[in-house]
There are 2 protein chains.
Amino acid sequence: MTRSDKLKSVGLRVTQQRQLVLAALDAIRHGTPEEILTEVTKTAPGVNLSTIYRCLEVLEKSNLITHTHLGHGAPTYHVVDGDPHIHLRCSNCQRVFSLPAALAEATSTAIKANNGFVIDPYHITFEGLCENCTKDSK
Amino acid sequence: MTRSDKLKSVGLRVTQQRQLVLAALDAIRHGTPEEILTEVTKTAPGVNLSTIYRCLEVLEKSNLITHTHLGHGAPTYHVVDGDPHIHLRCSNCQRVFSLPAALAEATSTAIKANNGFVIDPYHITFEGLCENCTKDSK
DNA sequence: CTCGTTGCAAAAGATTTGCATTATG
DNA sequence: CATAATGCAAATCTTTTGCAACGAG
């Protein structure tokens, strides 16, 4: 599905900027509003940061994208496409890893059974230490 | 262990403010810097917000407390005590639930096996819909 | 006493908002 | 064309920082 079609399918106006934001997220997979602007600016200078914020807001409201919090005050947006994936963020080296959300299935099920809470698989982020940093700290 | 002892045990100076922050977190379980200040101010007016930030920073560095991100730009701090617990945040009603971290054990294990990443059980936060809001949306 | 902590005020970021202009449907 | 979306600048909010005064060890 083209980005234009994606927008139409949820009833949003097809603007240059919204397509640019979606394209940027396709390119960088995930990023903060600032990072998205940087990517957008590569192909279309002149887009305003507040427009990025507004685009992200409507795109998220329409479930075309979602965001999660990786580390301090840095909301990270990414497209909602094929496979949901979870994020792992290393508290030591700050790197972000992505893994298939299937790995969290067991926990989702356990929690739903426990108190009825339904987890959004696109939003999952774990903090911890990556393999490298685990070694280093030894 | 008293709050004074906690601070001593990790080699931090025992100041009024640090004890107040720990006390506030004991009282409210978890909260943003702003919320913590509000709680602290109840018993000790005059404490500065930047002091709260600095206290949170050192307390976290010494592993007396930890934080996670619940929703937009709102870091939430809480004490590290007995049982690690995970947070569930309802994207609809914004309420936060706590559950024993044991529920996430399976996933932790799976991820460690998958790529060596070691998850910090105190940092886990899931977004989704709570039982009530799931019903409502039907 | 000495050096780490705090309060205060100002700086630095991040996000939001009002309004005139532009572009989509 | 009407109206929603954008650009721009200013307003907010959150978090950080410099520095002088203060307090713990």
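Proteins come first, then strands; the chains are lettered A, B, ... in the order of their sequence lines, and each starts at number 1. Because the structure is a prediction, the values reported are computed rather than measured.
Closest to the side chain of A:C55, from the set D:dC8, C:dT6, D:dT6, is D:dT6. Proximity note for A:Y53 (side chain, C-beta onward) versus D:dT6, C:dG7, C:dA14: the nearest is C:dA14.
Contacts of residues 17-40 of chain B with DNA chain C (heavy atom under 4.0 Å): B:Q17, B:R18.
Atom C1' of nucleotide C:dT15 and atom CD of A:E60 are separated by 14 Å, given to the nearest angstrom. One can place CD1 of B:I52 at 9 Å from P of C:dT6, the figure rounded to the nearest angstrom. Between the C1' atom of C:dA14 and the OH atom of A:Y77 lies a distance of 12 Å, rounded to the nearest Å. Here the C1' atom of nucleotide C:dT6 and the CD atom of B:E57 are 14 Å apart, to the nearest Å. Between the CG atom of A:L49 and the P atom of D:dT12 there is a distance of 19 Å, rounded to whole Å.
Counting only residues at least two apart or on different chains, no salt bridge (charged side-chain N to carboxylate O under 4.0 Å, His left out) pair has a member in residues 101-121 of chain A. Residue pairs meeting the salt bridge (charged side-chain N to carboxylate O under 4.0 Å, His left out) criterion with at least one member in residues 45-54 of chain A, sequence neighbours excluded, do not occur. For residues 30-42 of chain A, every residue pair satisfying the salt bridge (charged side-chain N to carboxylate O under 4.0 Å, His left out) rule, not counting sequence neighbours, is listed here: A:E39-A:K42. For residues 17-50 of chain B, the set of pairs meeting the ring-ring contact (aromatic ring centres under 6.0 Å, His included) definition, not counting sequence neighbours, comprises B:H30-B:H87.
Residues B:V10 and B:N63 have side chains not in contact (no heavy-atom distance under 4.5 Å, counting atoms from C-beta outward).
Partners of B:S50 under the side-chain hydrogen bond (donor to acceptor under 3.5 Å, both in side chains) rule, at least two apart in sequence or in another chain, are B:N48. Shown here are the side-chain hydrogen bond (donor to acceptor under 3.5 Å, both in side chains) partners of A:T107, two or more places apart in sequence or in another chain: B:T107. Every residue meeting the salt bridge (Lys or Arg N to Asp or Glu O under 4.0 Å) condition with A:K61, not counting sequence neighbours, appears here in chain and number order: A:E57.
Residue A:V58 is out of contact with every strand shown, counting any heavy-atom pair closer than 4.0 Å.
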List the atom pairs, donor and acceptor, that lie under 3.5 Å between side-chain atoms in residues 13-26 of chain A and the rest of the protein, sequence neighbours left out.
from, atom 1, to, atom 2, distance (Å)
A:T15, OG1, A:R18, N, 3.2
A:R18, NH1, A:R13, O, 3.2
A:Q19, NE2, A:T15, O, 3.4
A:D26, OD2, A:R3, NH1, 2.8

- Annotated protein contacts, base or backbone, on nucleotides 17-25 of chain C with a non-hydrogen cut-off under 4.0 Å, one of B, S, - each: BB-----BS
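Hydrophobic side-chain contacts under 4.5 Å tie A:M1 to no other Ile, Leu, Val, Met, Phe, Trp or Tyr residue.
Atom CD1 in A:I28 sits 8.0 Å away from atom OG1 in A:T38 (nearest 0.5 Å).
Between its opening and closing five pairs, the helix from C:dC1-D:dG25 to C:dG25-D:dC1 changes axis direction by 50°, a value rounded to 10 degrees.
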